[in-house]
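As structure tokens, the structure follows; a few thoughts come after it.
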Amino acid sequence: MTTTQEKSRDFIRTIIAEDLKNNKHGGRVVTRFPPEPNGFLHIGHAKSICLNFGVALENNGVCHMRFDDTNPSKEELAYVEAIKKDVQWLGFDWGANLFFASDYFEQLYDYGIQLIKMGKAYVCSLSADDIRQYRGTLTEPGRESPFRNRSVEENLDLFTRMRAGEFADGTHVLRAKIDMTSGNINMRDPVLYRILHASHHRTGDTWCLYPMYDYTHPISDAIEGITHSLCTLEFEDHRPFYDWLLDTLGTPCHPQQIEFARLNLTYTVMSKRKLLQLVNEKYVSGWDDPRMLTISGLRRRGYTPASLRGFCDTIGLAKRESSVEMGVLENAIRNDLNDTAPRAMAVLHPLKVIITNYPEGREEELAIDNHPKNPEMGKRQVTFCREIFIEQDDFMEEPPKKFFRLAPGQEVRLRAAYLITCDKVIKDADGKVTELHCTYDPASRGGSAPDGRKVKGTLHWVSARHAISAEIRLYDRLFNMENPEADKETNFKSHLNPDSLQILAGCRLEPALAGATVSDRFQFERLGYFCLDCLDTSPGKLVFNRIVTLRDSWEKMEKSN
RNA sequence: UGGGGUGUCGUCAAGCGGUAAGACACAGGCCUUUGACGCCUGCAUUCGUAGGUUCGAAUCCUACCGCCCCAGCCA
């Protein structure tokens, strides 16, 4: 017996454990992740991916990758590739189980014939407008279509000719024959097939008849032997049809659909439609803009797969609608990178410091741990000399109480180097501080004084003579409102944060960073975690993305005062 | 006014008739050559509301209230 508390199971894992216990599906667990290839995956999809693949992994099952590609007018091959890459990058493997709903078009069609023969489906020749009229409203029942009682022969003939391309778009649809008075609108003779003379990214021009999601999904699940079909809450109303279809068809496999609440995060939008708008209207540089909460955006920003999986673990799973604070995501990446990212020193806003009593021509090598808690990550050398850069924020001419950084007459430690004291402040004509003159304590090499005096502040620094230059991009939340969609009167785009990207040129980095390779992640001490940008970095130019800041209790203190 | 869901700390979220887990946030303290990390302490006498059943209710019953989804030939 262990004393560690068992992590509580979510309601879906509870159901699955129960099913396993009762041998409901012969002890099998088969799930599926069914994206539509009409956009990039986002953090909300990560929740579903972690759930579906996670649950399979935990139960010796498998998770199928299935593209729900039933609408040729919105879908593209490029999205298929991007989605596959994202899922793999997240760390999941579908093995041989890569499927496309379009692979089932022929079987789906045969099932359509079967439904017609059973008298459970008919060709309806009402216009789209009329179908809507006949459907009724939320509170009034619908009316039966005048075409509802066509003979099986006529339906068969029409359906065959629909496939053959004899009719124009919108002239006929195939509908299930269920109940026009049902309180559930999805049961009022839902459309199964529509005519679409459009070419499909996989089947080309083979078809001009395409199945609807509601019809395709249950059958695809059944064909693949899915045991648990996990989807989001808005499909709860569709479950009766899901079950009706498979019961009517008498498929040997009848998966159980279970719905869970989709992920919402503060300070962002999560719908593909809105993300697409941001891309198309150039509010961001693309689907993989580091400010986008797409998987590819997060990847480029520097988030690790492990941090995203950890995040999905923390947020839990339930049926009630909720909105997770952005801080939880940030916490996930800090947690991961705190353990794994090597430390380095970088100065974002350089302020020159001259150590007046340090010999002009002298330079010395100092060793610094790459990680404070993990000696196995080794040490590196940094060069100290008479001229260095510190962060502008680390100096104040008239410091408030508890400002432990540099100020006239105040002593601080330069990380792993020496204790220095500020003697003189040099300013330009506008009164802006341009340079500091300091003296160092030669006995404090390494950063501590032999007399044991306490120095509270420690600053990061780089040698002005040895530092390399880099561009650093600071990102902030894309929206400046917790829920950009809350205000129905205004467009979500009017809540975009104008300061979501700040580009800093001429940042100064310790020379060791010149050897960084694409996607390397570092903690720049006292600043945050940074990742070498994979797109804009070139041999002569380093570009770092700030993934997330470090927690900053000084900033918090300042704000509360 | 039809149908389907859902209401437990600021935010997520356990709990399944035996007397409110955990995480993030927040507050205070310790530690610190990163104001980081780490560590310690505190943080729902109360579970949408009102009744009822019971020795005992967040858990069962009744009524009410709030919020979300559904009227695509989208998924």
Side-chain angles (χ1 to χ4, degrees), chain A residues 5 7-10 14 34-36 38 68-71 73-75 124 126-128 131-133 135-142 169-175 181-188 190-196 210 212-214 216-217 231-240 259 261 266 272-273 313-332 334-335 338-339 343 345 368-369 371-373 402-405 413-417 419 446-448 455-460 523-528 549-557:
Chain A
Q5 193 152 29
K7 193 185 181 300
S8 52
R9 260 200 301 239
D10 57 72
T14 304
E36 181 189 13
N38 68 343
D68 236 320
D69 54 349
T70 57
N71 187 350
S73 60
K74 289 187 178 178
E75 297 153 7
C124 180
L126 247 23
S127 68
I131 287 187
R132 192 179 317 120
Q133 292 296 321
R135 187 153 35 220
T137 68
L138 294 180
T139 51
E140 299 158 22
D169 290 5
T171 51
H172 307 277
V173 293
L174 185 73
R175 290 228 250 169
T181 66
S182 171
N184 181 347
I185 290 180
N186 297 297
M187 296 300 267
R188 319 234 266 230
V191 171
L192 272 22
Y193 270 98
R194 77 284 215 186
I195 298 171
L196 238 38
Y210 291 95
M212 300 288 290
Y213 164 87
D214 274 334
T216 308
H217 207 82
C231 63
T232 43
L233 251 29
E234 67 270 26
F235 293 106
E236 208 149 18
D237 285 345
H238 299 235
R239 193 174 60 225
E259 309 84 11
T266 57
K272 271 198 247 179
R273 207 192 96 247
D313 243 17
T314 342
I315 56 174
L317 188 74
K319 291 195 74 163
R320 73 188 84 101
E321 255 195 70
S322 60
S323 187
V324 176
E325 287 175 348
M326 188 65 91
V328 180
L329 216 210
E330 296 175 343
N331 186 59
R334 284 194 191 106
N335 257 333
N338 180 46
D339 291 341
R343 315 282 123 128
M345 291 199 287
I368 310 190
D369 288 329
H371 191 106
K373 301 241 165 95
K402 292 197 174 171
F403 184 80
F404 305 133
R405 285 119 92 145
R413 173 168 33 242
L414 293 175
R415 177 93 228 255
L419 301 181
S448 48
V455 176
K456 185 104 177 152
T458 301
L459 309 188
H460 60 281
Q523 183 198 95
F524 291 169
E525 289 199 27
R526 303 210 305 134
L527 296 174
T549 61
L550 252 31
R551 267 201 203 80
D552 189 346
S553 55
W554 168 248
E555 189 188 51
K556 199 184 287 176
M557 218 159 90

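Letters A, B, ... are given to chains in the order of the sequence lines, protein chains preceding strands, and every chain is numbered from 1. These figures come from a predicted structure and were not determined experimentally.
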Worksheet item: Looking only at atom C1', what distance separates B:C9 and B:U45, rounded to whole Å?
Response: 14 Å
Worksheet item: With sugar-phosphate meaning primed atoms plus P, OP1 and OP2, does A:Pro141 contact a base, only sugar-phosphate, or nothing at under 4.0 Å between heavy atoms?
Response: nothing
Discussion item. How many whole angstroms separate atom NZ of A:Lys319 from atom C1' of B:A14?
Written reply: 18 Å
Practice prompt. Determine the interatomic distance between C1' on B:U1 and the same-named atom on B:A71; round to the nearest Å.
Written response: 15 Å
Response to the item:
Considering only heavy side-chain atoms of A:Arg132, the closest of B:A71, B:U34, B:C69 is B:A71
Item to complete: Output all residues satisfying side chain to side chain donor-acceptor pair (under 3.5 Å) with A:Asp339, sequence neighbours left out; order by chain, then residue number.
Response: none
Item to complete: Return yes if some donor-acceptor pair links the side-chain N/O of A:Arg343 with the main-chain N/O of A:Glu525 below 3.5 Å, else return no.
Response: no
Discussion item. Counting the atoms with a prime plus P, OP1 and OP2 as sugar-phosphate, which does A:Tyr210 contact under 4.0 Å by heavy atoms, base, sugar-phosphate, or nothing?
Written reply: nothing
Discussion item. If the cut-off is 4.0 Å, is A:Ser322 near the phosphate of B:U11, judged by side-chain N/O to OP1 or OP2?
Written reply: no
Worksheet item: Where the side chain of A:Phe403 is concerned, which of B:A75, B:G35, B:C73 is the nearest nucleotide?
Response: B:G35
Practice prompt. Quick one: label A:His238 by what it contacts on the DNA or RNA (base, sugar-phosphate, nothing), any heavy atom closer than 4.0 Å.
Written response: base
Discussion item. Without decimals, in angstroms, what is the distance between A:Asp214 CG and B:C69 P?
Written reply: 18 Å
Can you give each donor-acceptor pair under 3.5 Å made by side-chain atoms of residues 549-557 of chain A, sequence neighbours left out, with the distance rounded to 0.1 Å?
| residue | atom | partner | partner atom | Å |
| --- | --- | --- | --- | --- |
| A:Arg551 | NH2 | A:Asn331 | OD1 | 3.0 |
| A:Asp552 | OD1 | A:Trp554 | N | 3.1 |
| A:Asp552 | OD1 | A:Glu555 | N | 3.0 |

Worksheet item: Between the base of B:U34 and the side chain of A:Arg343, is there a donor-acceptor distance below 3.5 Å?
Response: yes
Worksheet entry | Nucleotide of B:A75, B:C73, B:U34 approaching A:Asn71 most closely (side-chain heavy atoms) | B:A75
Discussion item. Can you identify which nucleotide, out of B:G35, B:C73, B:C70, has its nearest atom closest to the A:Ile185 side chain?
Written reply: B:C70
Worksheet item: When all nucleic acid strands are considered with a 4.0 Å heavy-atom cut-off, which category describes A:Ile131: base, sugar-phosphate, or nothing?
Response: base
Discussion item. Students often get this wrong, so: under 4.0 angstrom with heavy atoms, is A:Ala318 touching a base, only sugar-phosphate, or nothing?
Written reply: sugar-phosphate
Worksheet, complete the sentence: From CG of A:Asn338 across to P of B:A36 the rounded distance in Å is 12 Å
Worksheet item: At under 4.0 Å, does any side-chain N or O of A:Ser553 touch on OP1 or OP2 of B:A36?
Response: yes
Worksheet entry | Side-chain N or O of A:Arg194 closer than 4.0 Å to phosphate OP1/OP2 of B:G72 | no
Worksheet item: Considering only the C1' atoms, how many Å lie between B:U46 and B:A21, rounded to the nearest integer?
Response: 15 Å
Discussion item. What is the separation between atom CG on A:Asn186 and atom C1' on B:G3, rounded to the nearest whole Å?
Written reply: 10 Å
Item to complete: Please figure out whether A:Leu233 or A:Glu36 has its closest RNA chain B nucleotide nearer the 5' end.
Response: A:Leu233
Worksheet item: How do A:Leu527 and A:Glu234 order along RNA chain B: which one's closest nucleotide is nearer the 5' end?
Response: A:Leu527
Discussion item. At 4.0 Å (heavy atoms only), tell me whether A:Val173 reaches a base, stays on the sugar-phosphate, or touches nothing.
Written reply: base
Item to complete: Flag the pair A:Lys74 and A:Glu36 as a salt bridge only when some basic side-chain nitrogen lies within less than 4.0 angstrom of an acidic carboxylate oxygen.
Response: no
Discussion item. Ignoring hydrogens and geometry beyond distance, is the side chain of A:Glu140 in donor-acceptor contact with the base of B:U1 at under 3.5 Å?
Written reply: no
Worksheet item: So which heavy atom on A:Ser323 is nearest to which on A:Thr266, and how close?
Response: OG-CG2, 3.8 Å
Worksheet, complete the sentence: In terms of heavy-atom contacts, A:Tyr213 and A:Thr70 come closest through N-OG1, 4.3 Å
Discussion item. Within the 4.0 Å heavy-atom criterion, would you say A:Thr137 contacts the bases, only the backbone, or no part of the nucleic acid?
Written reply: base
Item to complete: Take atom CG of A:Asp369 and atom P of B:A36, then tell me their distance rounded to the nearest Å.
Response: 19 Å
Worksheet item: If pairing requires Watson-Crick or G-U wobble contacts with both distances under 3.5 Å, which nucleotide is the partner of B:G22?
Response: B:C12
Worksheet item: Which value, in whole Å, describes the distance between the P atoms of nucleotides B:G5 and B:G51?
Response: 29 Å
Worksheet item: What's the verdict on side chain to side chain contact (heavy atoms under 4.5 Å, CB included) for A:Val173 and A:Ile131, showing C-alpha distance, side-chain angles and the deciding distance?
Response: CA-CA 10 Å; A:Val173 293; A:Ile131 287 187; 3.8 Å; yes
Response to the item:
Taking B:G35, B:C74, B:C37 as options, the one with an atom nearest any side-chain atom of A:Met212 is B:C74
Worksheet entry | Which nucleotide in B:G35, B:A71, B:C37 has an atom nearest any side-chain atom of A:Arg135 | B:A71
Fill in: Nucleotide forming a Watson-Crick or wobble pair with B:G56, both distances under 3.5 Å
none
Discussion item. Give me the atom names and distance for the closest heavy-atom approach of A:His217 to A:Asp68.
Written reply: ND1-OD2, 3.0 Å
Practice prompt. Classify the nucleic acid contact of A:Thr70 as base, sugar-phosphate or nothing, counting any heavy atom under 4.0 Å across all strands shown.
Written response: sugar-phosphate
Response to the item:
Considering only heavy side-chain atoms of A:Arg320, the closest of B:A14, B:A75, B:G35 is B:A14
Discussion item. Using a 4.0 Å heavy-atom cut-off, does A:Leu126 contact any base of the nucleic acid, only the sugar-phosphate backbone, or nothing at all?
Written reply: base
Practice prompt. From the options B:U6, B:C74, B:C68, select the nucleotide whose nearest atom is closest to the side chain of A:Glu321.
Written response: B:C68
Worksheet item: So what's B:U6 paired with, Watson-Crick or G-U wobble, going by both distances under 3.5 Å?
Response: B:G66
Practice prompt. Please report, rounded to the nearest Å, how far the P atom of B:C74 is from the CZ atom of A:Phe235.
Written response: 14 Å
Practice prompt. Indicate, with a heavy-atom threshold strictly under 4.0 Å, whether A:Ser323 touches base, sugar-phosphate, or nothing.
Written response: sugar-phosphate
Worksheet, complete the sentence: Note: A:Met212 and A:Thr216 closest approach over all heavy atoms is O-OG1, 2.7 Å
Worksheet, complete the sentence: All heavy atoms of A:Thr171 vs all of A:Ile195, minimum pair found to be OG1-CD1, 3.8 Å
Worksheet item: How is A:Asp237 classified with respect to the nucleic acid when contacts are heavy atoms under 4.0 Å: base, sugar-phosphate, or nothing?
Response: base
Fill in: Rounded distance in Å between the P positions of B:A14 and B:G56
29 Å
Practice prompt. Give none if B:C30 has no partner; otherwise give the nucleotide forming a Watson-Crick or G-U wobble pair with it, both distances under 3.5 Å.
Written response: B:G38
Fill in: Exercise: identify the closest heavy-atom pair between A:Thr458 and A:Arg413
OG1-NE, 3.1 Å
Fill in: Sugar-phosphate only, base, or nothing, as touched by A:Glu259 at under 4.0 Å among non-hydrogen atoms
nothing
Worksheet item: For nucleotides 23-30 of chain B, read 5' to 3', which letter fits each nucleotide if B means a protein heavy atom sits under 4.0 Å from the base, S means only the sugar-phosphate is that close, and - means neither?
Response: SSSSS---
Worksheet, complete the sentence: Rounded to whole Å, the CG-C1' distance (A:Asp10 to B:C12) equals 14 Å
Worksheet entry | Gap between atoms CE and P, on A:Met557 and B:A36 respectively (whole Å) | 11 Å
Discussion item. Among B:G3, B:A75, B:A14, which nucleotide has an atom closest to any side-chain atom of A:Tyr213?
Written reply: B:A75
Worksheet item: Reckon A:Leu138 touches a base, only the sugar-phosphate, or nothing at all at heavy-atom distances under 4.0 Å?
Response: base
Worksheet item: Going by modelled atom types, is there a donor-acceptor pair between the base of B:U32 and the side chain of A:Lys456 at under 3.5 Å?
Response: yes
Practice prompt. Would you indicate whether the side-chain heavy atoms of A:Val324 and A:Leu329 approach each other to under 4.5 Å?
Written response: no
